[in-house]
Number of protein chains: 2
Amino acid sequence: MHYNSNFFFTIFARMLTMRTRYALRALIHISIESKDGGPVSASAIAEGQGISFKFLEAILHDLKEAGFVVSKKGIGGGYLLGKMPDAIRLADVIRTINGPIALVPCVSLNFYEPCSICPDESKCALHHIMTEVRDATLAILETTSLSDLIHREKKLLKRKIK
Amino acid sequence: MHYNSNFFFTIFARMLTMRTRYALRALIHISIESKDGGPVSASAIAEGQGISFKFLEAILHDLKEAGFVVSKKGIGGGYLLGKMPDAIRLADVIRTINGPIALVPCVSLNFYEPCSICPDESKCALHHIMTEVRDATLAILETTSLSDLIHREKKLLKRKIK
DNA sequence: TAAATTCCTACTAAAAAAGTAGGATTTCAG
DNA sequence: CTGAAATCCTACTTTTTTAGTAGGAATTTA
């Protein structure tokens, strides 16, 4: 079979990984469901968001290591936000779980690597345009916090009920 | 060894693939080096851009299939642009070689897939914000053509020589 | 003290990425 | 008309990443 005949397969390459999407949904879930200040268990998040429990555990571990959540063991335990919701920027969560936000390493602010093909970045048109794309993306992701996401989610839910 | 101890490895996940970067450099190379209208050979591109010849051949095949280049066989043969440089949009090349531009499939215009976790897109805050990121990215990539890239590259080269 | 929970280590299967290898086919110059 | 230069075509390999799964140890609290 020809290698180009994968006509009916969807290409998902280079998007946010499931891991990252689950991480973001988990943070939203924790924020919304822990109104009284009590922790939310991994199994509650997994069930509420439709995520495999064991996979989610690993993701929550990463989120904890990065300080986005804190945990409480034992009965009644679970996860709480490790920072104020307006201090958790979308860009930082993505960088932690997914990696660089830039489209090429030579324009990444946090994961910079020199380009293997263009010897001089200042002379590469792609370098220029990719810097613009990075800045446009960061303008959104660095100014959007978990707090903003929750506000939106709540607003969207209300609109539906009305 | 602990799976988190890959401390010194760089994460390149989710950027443009080498294939895509080579494709873009190849298009730029063809545009600039074929001033008199003659085709540019794959080996000339490979050498000029520092790309593995065999790998580049496969990439040029994809570019040809998508109509971005045309080819001429035999001695003196090679590749020419298949469209005017201002008709080759960055976004279209990336979509062809790399795949979707959106960060999640549920906001992709050309590779849409429903989201596996949020049952209702209209109620998902992530869906909202990812749409914004997509539009900001497309505002650049769909208005930037190969022609723009060449103009920039030439301008940058001149600046250096002066 | 037992149940509920997080924590920790290791493993697996599938897919994608980045090439590599070898030769068939076509074209043109001499 | 022949040989060199180029594209074209098929198949394979290696490495990395992704998306989990499995099983149990440690901790906390009712």
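By convention in this document, chain letters (A, B, ...) are assigned in the order of the sequence lines, proteins followed by strands, and residues within each chain are numbered from 1. Note that the coordinates shown come from a computational prediction; the quantities given were computed from them, not determined experimentally.
For the pair Leu103(A)/Val107(A), no side-chain contact is recorded, criterion being any heavy-atom separation below 4.5 Å from C-beta on. Under the 4.5 Å side-chain criterion, counting only non-hydrogen atoms from C-beta, Ile45(B) is in contact with His29(B). Residues Val93(B) and Phe68(B) form a side-chain contact, since some pair of their non-hydrogen atoms from C-beta on lies under 4.5 Å apart.
Phosphate contact (OP1/OP2 of dA5(D), side-chain N/O of Lys72(B), threshold under 4.0 Å): absent. Remark: Thr17(B) is not in phosphate contact with dA16(C), judged by side-chain N or O atoms under 4.0 Å from OP1 or OP2. Here Ser43(A) does not reach the OP1 or OP2 of dA4(C): none of its side-chain N or O atoms lies under 4.0 Å away.
In this structure, Met15(A) atom CE and dT18(D) atom C1' are separated by 15 Å, rounded to whole Å. Taking atom CG of Asp62(A) as the reference point, atom C1' of dC8(C) lies 13 Å away to the nearest angstrom. Distance, Glu65(A) CD to dT6(C) P: 17 Å, rounded to whole Å. For the pair Arg19(B) CZ and dG19(C) C1', the computed distance is 9 Å after rounding to whole Å. Protein atom CD1 of Ile97(B) is 14 Å distant from nucleotide atom C1' of dA18(C), rounded to whole Å. Between Leu56(B) atom CG and dG19(C) atom P the separation is 11 Å, expressed in whole Å. Nucleotide dA4(C) holds its P atom 15 Å from the CD atom of Glu57(A), rounded to whole Å. Between the CZ atom of Phe53(A) and the P atom of dA22(D) there is a distance of 13 Å, given to the nearest Å.
If you check the side chains of Ser147(A) and Asp86(A), you find no donor sitting under 3.5 Å from an acceptor.
Closest to the side chain of Phe55(B), out of dC8(D), dA6(D), dA18(C), is dA18(C). Looking at the side chain of His61(A), the nearest of the listed nucleotides dT6(C), dT7(D), dC8(C) is dC8(C). Side-chain atoms of Ile75(B) lie closest to dA4(D) of the nucleotides dA4(D), dC7(C), dA3(C). When the nucleotides dT7(D), dC8(C), dT20(C) are ranked by their closest atom to the side chain of Ser52(B), dT20(C) comes out on top. Listed nucleotides dA19(D), dT7(D), dA21(C) differ in distance to Lys54(B); the shortest reach to its side chain belongs to dA21(C).
A residue-by-residue look at Tyr22(A) and Gly76(A) shows that Tyr22(A) has its nearest nucleotide of DNA chain D further toward the 5' end.
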Identify the pairs formed between an N or O of the protein and an N or O of nucleotides 24-26 of chain C at a distance under 3.5 Å, and give each distance.
{"residue": "dT26(C)", "atom": "O4'", "partner": "Lys73(B)", "partner atom": "NZ", "Å": "3.2"}

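Taking 4.0 Å as the cut-off between side-chain N and carboxylate O, Arg152(B) and Glu132(A) count as a salt-bridged pair.
No donor-acceptor pair under 3.5 Å is formed between the side chain of Asn98(A) and the backbone N or O of Arg95(A).
Taking a 6.0 Å sphere around CD of Glu142(B), one finds it holds more than 12 heavy atoms contributed by other residues, nucleotides or ligands.
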